[in-house]
Number of protein chains: 2
Amino acid sequence: MTTYGAVLDALGDPTRRSVLELVAERPQPVGELAARLPVSRPAVSQHLRVLKDAGLVTDTAVGTQRVYRLDARGAAALRAYLDRFWDDSLAAYARAVEQDLAPEERP
Amino acid sequence: MTTYGAVLDALGDPTRRSVLELVAERPQPVGELAARLPVSRPAVSQHLRVLKDAGLVTDTAVGTQRVYRLDARGAAALRAYLDRFWDDSLAAYARAVEQDLAPEERP
DNA sequence: ACCGTTCGTCAGTCGTAACTTACCGTTCGT
DNA sequence: ACGAACGGTAAGTTACGACTGACGAACGGT
């Protein structure tokens with residue numbers, strides 16, 4: 001789906017962030033990721049599925065193992081959200097502050 | 001604390017994102033936010049506490065009501081995380097792809 | 001001084017998602 | 001062809017957090 005909501009939901013879990021940070025170091029198979037984390041291999045598999053659905057990682061089959069790597073789509077979706085939402089909002093606030101008058105206080 | 005982990009945890013909940021988006025429109029008191037959401041006022045209060053701890057909102061007392069507004073600190077923490085983590089990682093990948101050789105495949 | 005409004009906090013309930021173990025399919029080597 | 005390695009899926013448990021209702025504190029108006 002790769003919407004910003006899915007990306008933020010995926011990044012909302014600490015273990016999932018750890019998985020993603022390991023993948024960011026270098027592409028790795030599932031077993032190697034699980035060996036570096038305090039959770040079981042199936043747990044890592046489930047986290048990888050969420051990260052994949054959010055567009056944060058991609059997987060490719062290499063022999064019997066699946067190598068996971070970072071995907072830029074998720075990062076792009078999140079960045080677009082930040083750029084539109086925050087910049088616009090903060091700009092609106094800046095305008096309100098310049099007028100020294102909050103919007104809801106206007107007659 | 002305003003670390004990127006706290007920001008992502010805060011943004012991981014859909015209801016909390018709705019609260020933040022309402023606050024982004026214009027500074028509002030708690031009751032007004034609760035009136036526009038399908039949850040109770042205490043729930044909104046608890047979400048606002050998390051958002052505040054993450055540095056995403058600030059509150060100021062105005063008479064009997066507390067007005068919440070966006071805070072740029074949370075956005076800055078998240079943006080710094082994205083800039084450092086993703087840009088560096090994706091750049092490293094780009095280099096690896098140019099060499100047509102993944103890091104773990106090298107002798 | 002009292003009453004209404006607004007809000008934070010506390011206890012308690014409930015749903016969900018993060019985790020485990022067990023099982024099965026797929027792939028490669030011999 | 002058989003066995004071992006690797007990983008996804010299913011079933012089940014558990015722990016956490018999202019939510020509600022009840023209470024109390026602070027401020028303002030009359």
Side-chain angles (χ1 to χ4, degrees), chain A residues 1 3 5-23 26-71 102 104-105, chain B residues 1 3 5-23 26-71 102 104-105:
Chain A
M1 189 170 290
T3 179
V7 175
L8 288 174
D9 285 339
L11 266 48
D13 181 71
T15 305
R16 208 141 48 210
R17 284 198 294 271
S18 298
V19 173
L20 189 65
E21 288 170 3
L22 285 180
V23 172
R26 53 187 161 84
Q28 295 175 48
V30 180
E32 194 172 336
L33 291 169
R36 304 195 186 196
L37 290 168
V39 294
S40 68
R41 185 189 52 74
V44 175
S45 261
Q46 292 164 2
H47 285 307
L48 286 170
R49 177 204 260 281
V50 176
L51 292 172
K52 182 181 175 184
D53 288 345
L56 287 166
V57 299
T58 58
D59 60 330
T60 56
V62 177
T64 80
Q65 54 189 13
R66 300 195 74 84
V67 176
Y68 283 81
R69 39 174 55 79
L70 261 194
D71 186 358
E104 76 280 4
E105 292 169 349
Chain B
M1 188 170 288
T3 179
V7 175
L8 288 174
D9 285 338
L11 266 47
D13 181 70
T15 305
R16 208 142 46 209
R17 285 197 294 271
S18 298
V19 172
L20 188 65
E21 288 171 2
L22 285 180
V23 172
R26 55 187 161 83
Q28 294 174 46
V30 180
E32 194 171 335
L33 291 167
R36 304 196 186 196
L37 290 169
V39 295
S40 69
R41 185 189 53 74
V44 175
S45 260
Q46 292 165 2
H47 284 306
L48 285 169
R49 177 203 259 282
V50 175
L51 292 172
K52 182 180 174 183
D53 289 345
L56 287 166
V57 299
T58 58
D59 61 330
T60 56
V62 177
T64 81
Q65 56 189 10
R66 298 196 75 86
V67 177
Y68 283 82
R69 38 175 55 80
L70 261 193
D71 187 358
E104 78 280 6
E105 292 167 352

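So you know, we letter chains A, B, ... as the sequences are listed, proteins then strands, and number each from 1.
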Measure the spacing between [atom1] of [X] and [atom2] of [Y] and express it to the nearest 0.5 Å.
X	Y	atom1	atom2	value
Leu22(B)	Gln28(B)	CG	CD	5.5 Å
Leu51(A)	Gln46(A)	CG	CD	12.0 Å
Leu8(A)	Arg17(B)	CG	CZ	5.0 Å

(message) Looking at Arg16(A) and Asp9(A), is there a salt bridge between them, counting it only when a charged N and a carboxylate O are closer than 4.0 Å?
(response) no
(request) Among Thr58(B), Asp71(B), Asp59(B), find the one that has a side chain to side chain donor-acceptor pair (under 3.5 Å) with Lys52(B). (result) Asp59(B)
Nearest-Å distance, [atom1] ([X]) to [atom2] ([N])?
X	N	atom1	atom2	answer
Gln28(A)	dG7(D)	CD	P	11 Å
Leu51(B)	dG8(C)	CG	P	12 Å
Arg17(B)	dA18(D)	CZ	C1'	14 Å
Gln65(A)	dG29(C)	CD	C1'	14 Å
Leu33(B)	dC7(C)	CG	P	9 Å
Leu11(B)	dG17(D)	CG	C1'	16 Å
Asp59(B)	dC27(D)	CG	P	14 Å
Glu32(A)	dC6(D)	CD	C1'	13 Å

(request) Evaluate the criterion side-chain contact (heavy atoms from CB on, under 4.5 Å) for residue pair Val19(A) and Val57(A); output intermediate values, then yes/no. (result) CA-CA 10 Å; Val19(A) 173; Val57(A) 299; over 6 Å; no
(request) Can you see which heavy atom on Val7(A) is nearest to which on Ala54(A), and at what distance? (result) CG2-O, 3.5 Å
(request) Please work out the stems of DNA chain D from pairs that are Watson-Crick or G-U wobble with both distances under 3.5 Å, keeping only runs of three or more consecutive pairs. (result) C:1-30 with D:1-30
Look for any protein N or O under 3.5 Å of an N or O in nucleotides 16-22 of chain C and output each such pair with its distance, or none.
residue : atom : partner  : partner atom : Å
dA18(C) : OP2  : Arg16(A) : NH1          : 2.7
dA18(C) : OP2  : Arg16(A) : NH2          : 3.4
dC19(C) : OP1  : Thr15(A) : OG1          : 3.0
dC19(C) : OP2  : His47(A) : NE2          : 2.2
dT20(C) : OP2  : Ser40(A) : N            : 2.7
dT20(C) : OP2  : Ser40(A) : OG           : 2.5
dT20(C) : O4   : Gln46(A) : NE2          : 3.4

(request) Check the pair Arg49(A), Asp53(A) against side-chain contact (heavy atoms from CB on, under 4.5 Å), reporting the backbone distance first and the verdict last. (result) CA-CA 6 Å; Arg49(A) 177 204 260 281; Asp53(A) 288 345; 3.9 Å; yes
Under 4.0 Å: is that the gap between some side-chain N or O of [X] and OP1 or OP2 of [N]?
X	N	value
Ser45(A)	dG8(D)	yes
Arg49(A)	dT9(D)	yes
Tyr68(B)	dT6(C)	no

(message) A side-chain contact here means heavy atoms from C-beta on lying under 4.5 Å apart; do Thr60(A) and Arg69(A) qualify?
(response) yes
